[in-house]
Colleague: 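This is the structure, below, for whatever I ask next.
Order of appearance sets the numbers: ligands from 1, and atoms from 1 within every ligand.
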Amino acid sequence: MTSLDILIMAAGKGTRMKSRIPKVLQRLAGRPLLHHVLDQAAHLQARSAIVITGHGATEVEAATAGAASATSTRTGTFDLMFVRQEPQLGTGHAVQQTVPHLRDDGTVVVLSGDVPLTQADTLRALVAASEGGKLALLTVTLPDPTGYGRIVRNASDAVQGIVEHKDASDAQRAITEVYSGIMAVPAKLLRGWLARLTNNNAQGEYYLTDIVAMAVAEGVPVVAHRITDALQVAGVNSPLQLAELERAHQLRQARALMEQGVRLADPARFDLRDDARTGVRGELVCGQDVEIDVNCVFTGRVEMGEGVSIGANCCIANARIAAGAVIHPFTHIDGEKAGATVGEGALIGPFARLRPGAQLGREVHIGNFVEVKNSTLADGAKANHLAYLGDATVGERVNYGAGSITANYDGANKHRTVIEADVHIGSNCVLVAPVTIGVGGTVGGGSTITKSTAAGALSVARGKQVSIANWSRPAKQPKS
Ligand code: UD1
Ligand code: MG
């Protein structure tokens, strides 16, 4: 098979996004548009990819170089190169900038940095159509083709050329088959045609699409690989289009999960994203009979064991949730880099918050408005209401009362709290770290504990109750 070299056009401004961020760096499913396109290059096992940059070039290049190496280690390596196009004089001019780097033995696939949802199978078919020295165009029929280049065919249906909307006659504007902006062509042919482009047209631009008529004139076969799924070639030009493609992409992901048996209450209300902070791919790894209610957002890699149930409106990032655990609605779990784990059969939420380094054992219960950070809770431990556990090691079957907190931070350093097995911490306690509550001990409600306690001890550290019998409240003075 011939080697593939991918050209990705990414120099355009994206005026209609009305954003300071270059268009190809706008995110779809947490990942810049351009990175979705680079993934396609990886899936095609391309030999190289050249990204043509212009507007925001420095930013685009910086944001892409690292990500591309991550991509290539995952799906096979390709050489990545950036070529600047300044000023931007049209798509033909953009591709002309790559000419010094084109290798004549290869096939070139032209992609756009703002068209994120093209499927690898479609591109493979397009490449196959170009084999044997042909120019292959990816085309699609649109009910409203306004703005697109039209595919002009002759009486015997052979492609004759592409005419841009602004240059088209009324009869040509009636054509609904349009050029997608994606083509595959032997590099050697492309090189020859690029040298002859002119900007003698309605927009005064160098049109890449003019090479089609050149091919026809030279007797080079032009084939149109026509698809029906317009989403695959849809570009992002505005916030609305970005949101539309996001929904389409999420629906695709939701369907793929449902095919594996995951039960989503509503595939239209499901989101799975890359973690923009770490670049970790959005990925759900699910056992059998996982149920996910509406409006949940998953970020990065999330594993869920058999029978896990996720309530409505949960946000879950970088976490492992073991079999049979139930996450009640409105729970926020974010393992960031350290990860967060929930043990088998644990009950979490509603309104719970698990932060990085939360490691919960089997049958742990974390109730409403409880925050856990960098803490290990052994099997059967419970913190059911309004509590904070930070930098704590909590033993088996510990019961941690409502309103209790670990004071883990002295203003300069963090310290650990150790609560040994079978301890009961009453309500509204402050455990001032570093401190250890010995096994089986009890801490009375309202205590501020600053010294470690012995096994089995009851510790109470609060003002002694004083009751004054028959005390009368002050009465209001009569007005004089
Ligand atoms: C282009 C095609 C049109 C097709 C449409 C599909 C041409 C002349 N026309 O039109 O037939 O139907 O795409 O979406 O090719 N870009 C550069 N440098 C430039 C100009 C553009 O890098 O100087 C990039 C843009 O950032 C974008 C892509 O090329 O990623 C397409 O450019 P755009 O201006 O959207 O082309 P259209 O006029 O829409
Ligand atoms: Mg366009």
Colleague: Would you say Asp275's side chain and Gly279's backbone share a donor-acceptor pair under 3.5 angstrom?
Modeller: no
Colleague: Show which atoms of ligand 1 fall inside a sub-4.0 Å distance from at least one heavy-atom site of Thr209.
Modeller: 7 (C), 8 (C), 9 (N), 11 (O), 15 (O)
Colleague: Please determine if Tyr148 has a nitrogen or oxygen closer than 3.5 Å to a nitrogen or oxygen of ligand 1.
Modeller: no
Colleague: What do the steps show when you test Ser3 against Arg103 for side-chain hydrogen bond (donor to acceptor under 3.5 Å, both in side chains), and what is the final call?
Modeller: CA-CA 9 Å; Ser3 301; Arg103 286 153 74 175; over 6 Å; no
Colleague: So if I count the atoms of ligand 1 from 1 in the order they appear, which ones are less than 4.0 Å from some heavy atom of Gly149?
Modeller: 3 (C), 4 (C), 11 (O), 12 (O)
Colleague: Please determine if Lys23 and Asp114 form a salt bridge, counting it only when a charged side-chain N lies under 4.0 Å from a carboxylate O.
Modeller: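 Looking at Lys23 and Asp114, the cut-off is met.
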Colleague: Contact between Leu138 and Tyr179 at the side-chain level, heavy atoms closer than 4.5 Å - yes or no?
Modeller: no
Colleague: Could you measure the distance from the CZ atom of Arg353 to the NZ atom of Lys373? Nearest 0.5 Å is fine.
Modeller: 10.5 Å
Colleague: Short N/O distance, under 3.5 Å, between Gly12 and ligand 1?
Modeller: yes
Colleague: Going by heavy-atom distance to atom 17 (C) of ligand 1, choose the closest among Gln88, Gln203, Gln85.
Modeller: Gln85
Colleague: Can you pull the salt bridge (Lys or Arg N to Asp or Glu O under 4.0 Å) pairs that have at least one residue in residues 201-215, sequence neighbours excluded?
Modeller: none
Colleague: Short list, please: which atoms of ligand 1 are under 4.0 Å from a heavy atom of Asp114?
Modeller: 30 (O)
Colleague: Is any N or O atom of Gly181, backbone or side chain, closer than 3.5 Å to an N or O atom of ligand 1?
Modeller: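 Min N/O separation from ligand 1 is not below 3.5 Å for Gly181.
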Colleague: Under 4.0 Å from a heavy atom of Ser180: give me the atoms of ligand 1 that qualify, with their elements.
Modeller: 6 (C), 14 (O)
Colleague: Can you figure out which of Pro87, Ala234, Gly90, Gly92 has its heavy atom closest to atom 23 (O) of ligand 1?
Modeller: Gly90
Colleague: For the NE2 atom of His415 and the CG atom of Asn408, what is their distance to the nearest 0.5 Å?
Modeller: 9.0 Å
Colleague: Please state which option from Leu197, Ile211, Thr91, Val178 has its nearest heavy atom closest to atom 8 (C) of ligand 1.
Modeller: Thr91
Colleague: Applying ring pair (Phe, Tyr, Trp, His ring centres under 6.0 Å), name anything that partners Phe351, two or more places apart in sequence or on another chain.
Modeller: Phe330, Phe369
Colleague: Can you sort out which atoms of ligand 1 are near Tyr207, meaning under 4.0 Å from one of its heavy atoms?
Modeller: 8 (C)
Colleague: Heavy-atom distance under 4.5 Å between the side chains of Glu336 and Thr278, does that happen here?
Modeller: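 Side chain of Glu336 against side chain of Thr278, heavy atoms only: no contact under 4.5 Å found.
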Colleague: Is the contact between His93 and ligand 1 made by the side chain, the backbone, both, or neither, using heavy atoms and a 4.0 Å cut-off?
Modeller: neither
Colleague: Does the N or O separation between Ala11 and ligand 1 drop below 3.5 Å for any pair?
Modeller: yes
Colleague: Is it true that Arg47 and Asp105 make a salt bridge, defined as a side-chain N closer than 4.0 Å to a carboxylate O?
Modeller: yes
Colleague: Enumerate the atoms of ligand 1 whose separation from the nearest heavy atom of Leu89 is less than 4.0 angstrom.
Modeller: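 The atoms of ligand 1 under 4.0 Å from a heavy atom of Leu89 are 23 (O).
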Colleague: From atom 30 (O) of ligand 1, work out which of Met9, Gln97, His165, Lys166 has a heavy atom at the shortest distance.
Modeller: Met9
Colleague: Which atoms of ligand 1 have any heavy atom of Ser112 under 4.0 Å away?
Modeller: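 Result: 28 (C), 30 (O).
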